[in-house]
Amino acid sequence: MNLRALAAKAIFDVLEKGVSLSVALPEQQKHLASGKDKALLAELCYGVMRTLPQIEKRTAECLAKPLKGKQRIIHQLLIVGCYQLYFTRIPSHAAISETAEACRQLKFEGMVKVVNGVLRNIQRQLTPLSNESETLSYNTPGWLIKRLKTAYPGNWQEIIQQSHERPPMWLRNNRLSQSRDEYLAALDKLEIDASAGLSDDAILLAAPKDVATLPLFLEGAASVQDGAAQWAATLLAPQANELILDACAAPGGKSCHLLELEPSIKLIAVDFDAKRLERVQQNLDRLSLKAEVIHGDAANIDSWWQGEQFDRILLDAPCSATGVIRRHPDIKWLRKNHDIEELAELQRQILDHCWKWLKPGGTLLYATCSILPQENRDQISAFLARTADAKLDTLVQQASSQDIGWQITPGQHNMDGFYYARLLKATH
Ligand SMILES: C[S@@+](CC[C@H](N)C(=O)[O-])C[C@H]1O[C@@H](n2cnc3c(N)ncnc32)[C@H](O)[C@@H]1O
């Protein structure tokens, strides 16, 4: 099927059905044979998600009346067309004719003229895109702008701008296979430009690469993981032979890193989502690592665990993912304002319950890929206020010792937005 038609279908699934782009896109990529076409399809879908309000507004200006009901797919197709004209180097005649052909293939023969007409109109007048409201000028929903302004009065615009940059590709060197310096040397030999990141195993690639072209990737010499996410295992600091719970483990990136750091630990990797849990096992297998993988609820550990309390717990909590919008721009449209309070309540329940399962003297690392204080700083300060045997361990990475935890904002040291708080349980 025509690539623009596939793009319209993937975007339809995200915007009309609430499916995440990381699920909707591969479904459509299956229909394409070449890597180049798959990459173009991804570029169109990601680009539309980044710039949605502006291109929807521009398209609406050229349409006599909004497309509703069954015709919504043609609405999505038109915004794919508009995105090509404004943001890609695809020659406009090719963008228009391919998009019109997609309309035919989507079985809307009667609308080919409309698609042609709207896109020709846009092409004739590539007027500056509207910035008459904040949502339009920042291509971000108003509720999120409002929350960011409150949380980051001095740098909210920079955070939004960073959330629209194309993210770099990070690798995690598998220290059980070779040292980071050895892996950097192997990359250099293949003329792959890379540098060491701040945490011990992190490697930043100068440009994204197909993993199959990386040295011994398929054999487990390295994994793809953002630099910020790589701090989790380091900050939890697993020690020999400890019993450790990864309470929200899927797809397993941090579980694997914990085992690479300390292979003698007994790791229990749990997740609520059975489908995502399959990926934990796949990741463990690729790296030849062993963990007990359990399908269970981190807010009800008693129902699946009869063993002793844990020495350390990693709680990488379900969150708004507002720190990773640069990787998943569809988050801007899938998340709703009221989700934040609902997520904060879920995080509170999981945190309180996991705490009961931590040994006296144990360590719990709370992590999110959110940049909103309700899920991070406020969550942890409320926890500390209600939990007598909990103490916050100051992290050297924090900007100030007065901060509650370590908030990383998107783009800081090239990393995703992330939050960490290390909590210590009293020994009595
Ligand atoms: C941020 S992701 C975890 C990423 C993972 N730690 C990694 O590094 O690959 C959050 C996970 O929490 C899981 N989750 C949500 N609610 C849960 C619950 N009540 N119990 C266990 N897992 C839960 C989700 O299915 C999701 O996989």
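As a basis for the values below, the full set of heavy atoms in this structure was taken, side chains included, without hydrogen atoms, waters or symmetry mates. From a predicted model like this one, the values you see are computed outputs, not experimental measurements.
With salt bridges taken as basic N to acidic carboxylate O contacts below 4.0 Å, none links Arg335 and Glu342. Salt bridge annotation for Glu260-Arg172: present, with a cationic side-chain nitrogen under 4.0 angstrom from a carboxylate oxygen. We find that Lys254 and Asp246 are not joined by a salt bridge, their nearest charged nitrogen and carboxylate oxygen being 4.0 Å or further apart. Salt bridge status for Lys356 with Asp302: absent, with no side-chain N to carboxylate O gap under 4.0 Å. Salt-bridge formation is detected for the pair Asp352/Arg348: a Lys NZ or Arg NE/NH1/NH2 atom is positioned less than 4.0 Å from an Asp or Glu carboxylate oxygen. The existence of a salt bridge linking Lys57 and Glu132 is confirmed by a sub-4.0 Å separation between a basic side-chain nitrogen and an acidic carboxylate oxygen. Remark: Glu165 does not engage Arg326 in a salt bridge, criterion side-chain N to carboxylate O under 4.0 Å.
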Would Leu171 and Leu204 satisfy side-chain contact (heavy atoms from CB on, under 4.5 Å), going step by step from the backbone distance to the final call? CA-CA 6 Å; Leu171 299 178; Leu204 179 63; over 6 Å; no
message: Apply side-chain contact (heavy atoms from CB on, under 4.5 Å) to residues Tyr420 and Thr368 and explain how you reach the verdict.
response: CA-CA 7 Å; Tyr420 289 111; Thr368 71; over 6 Å; no
Practice prompt. Would you sort out whether Asn337 and Arg147 count as a side-chain hydrogen bond (donor to acceptor under 3.5 Å, both in side chains), showing the intermediate values?
Written response: CA-CA 9 Å; Asn337 193 22; Arg147 284 188 187 262; 2.8 Å; yes
Exercise. Going through the distances and angles, do Thr99 and Gln84 end up as a side-chain hydrogen bond (donor to acceptor under 3.5 Å, both in side chains)?
Worked result: CA-CA 10 Å; Thr99 309; Gln84 292 171 79; 3.1 Å; yes
message: side-chain contact (heavy atoms from CB on, under 4.5 Å), that's the test. Do Leu78 and Leu67 meet it? Break it down for me.
response: CA-CA 10 Å; Leu78 281 170; Leu67 300 174; 3.9 Å; yes
TODO: Evaluate the side-chain hydrogen bond (donor to acceptor under 3.5 Å, both in side chains) criterion for residues Glu16 and Gln76: first the C-alpha distance (whole Å), next the side-chain angles of each, then the deciding distance (0.1 Å), finally the verdict.
DONE: CA-CA 10 Å; Glu16 309 282 328; Gln76 321 299 353; 2.8 Å; yes
message = Show, in sequence, the C-alpha distance, side-chain angles and deciding distance for Arg58 and Thr127, and conclude whether the side-chain contact (heavy atoms from CB on, under 4.5 Å) test is met.
response = CA-CA 9 Å; Arg58 185 73 191 99; Thr127 49; 3.3 Å; yes
Worksheet item: Would Gln225 and Gln230 satisfy side-chain hydrogen bond (donor to acceptor under 3.5 Å, both in side chains), going step by step from the backbone distance to the final call?
Response: CA-CA 7 Å; Gln225 188 178 41; Gln230 293 192 44; 4.6 Å; no
Open item on the list: salt bridge (charged side-chain N to carboxylate O under 4.0 Å, His left out) for Asp403 and Arg377? Distances and angles first, verdict last.
Closed with: CA-CA 8 Å; Asp403 288 354; Arg377 188 185 65 211; over 6 Å; no
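Taking CG of Asn283 as the reference point, atom CG of Leu259 lies at 11.5 Å (rounded to 0.5 Å). Once rounded to the nearest 0.5 Å, the distance linking OG1 of Thr140 with NZ of Lys146 reads 15.5 Å. Note: Leu372 CG to Ser320 OG = 4.5 Å, rounded to the nearest 0.5 Å. Within the model, atoms NE2 of His75 and CD1 of Ile11 stand 9.5 Å from one another, a figure rounded to the nearest 0.5 Å. In this structure, the separation between OG1 on Thr234 and CG on Leu198 is 11.0 Å, given to the nearest 0.5 Å. One finds the CD1 atom of Ile380 at 5.5 Å from the OH atom of Tyr366 (value rounded to the nearest 0.5 Å).
Contact record, Ala269 with Val280: CB-CG1, 4.2 Å, taken as the closest heavy-atom pair. Here the closest non-hydrogen pair linking Leu245 and Trp304 is CD1-CH2, 3.8 Å. Taking every heavy atom of both residues into account, Ala222 and Phe217 meet most closely at O-CE1, 3.2 Å. Closest heavy-atom contact between Phe383 and Ala390: CE2-CB, 3.7 Å. Across every non-hydrogen atom of Ala421 and Tyr419, the tightest pair is CB-OH, 3.7 Å. The two atoms that bring Val80 and Ala8 nearest to each other are CG2-N, 4.2 Å, heavy atoms only.
For the pair Asn2 (side chain) and Ala5 (backbone), a donor-acceptor distance under 3.5 Å is present. The backbone N or O of Leu277 lies less than 3.5 Å from no partner atom in the side chain of His295, so there is not a single donor-acceptor pair.
Side-chain atoms of Leu351 and Leu364, non-hydrogen and from C-beta on, do get closer than 4.5 Å to each other. When side chains are defined from C-beta on, Thr409 does not count as touching Gln162, because their heavy atoms never get closer than 4.5 Å.
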Hey, can you pull the donor-acceptor pairs under 3.5 Å for the side chains in residues 43-51, sequence neighbours left out?
residue : atom : partner : partner atom : Å
Glu43   : OE1  : Arg166  : NH1          : 2.8
Glu43   : OE2  : Tyr83   : OH           : 2.8
Thr51   : OG1  : Gly47   : O            : 2.8

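When the shell of 6.0 Å around CZ of Arg327 is examined, it contains more than 12 heavy atoms from other residues, nucleotides or ligands. Applying the 6.0 Å contact sphere to NZ of Lys9 captures no more than 12 heavy atoms from other residues, nucleotides or ligands.
Applying the ring-ring contact (aromatic ring centres under 6.0 Å, His included) test to pairs two or more places apart or on separate chains, those with a residue in residues 104-147 are Tyr138-Trp156.
In this model, no donor atom of one side chain and acceptor atom of the other lie less than 3.5 Å apart for Glu341 and Gln374.
Partners of Thr88 by side chain to side chain donor-acceptor pair (under 3.5 Å), not counting sequence neighbours: none found. For Lys209, the side chain to side chain donor-acceptor pair (under 3.5 Å) test picks out no residue, with sequence neighbours left out. Listed by chain and residue number, nothing satisfies the side chain to side chain donor-acceptor pair (under 3.5 Å) test with Thr59 (two or more places apart in sequence, or in another chain). With sequence neighbours excluded, the residues that form a side-chain contact (heavy atoms from CB on, under 4.5 Å) with Gln123 are Leu85, Ser92, Ile96.
The aromatic ring centres of Trp406 and Phe418 sit 6.0 Å or more apart.
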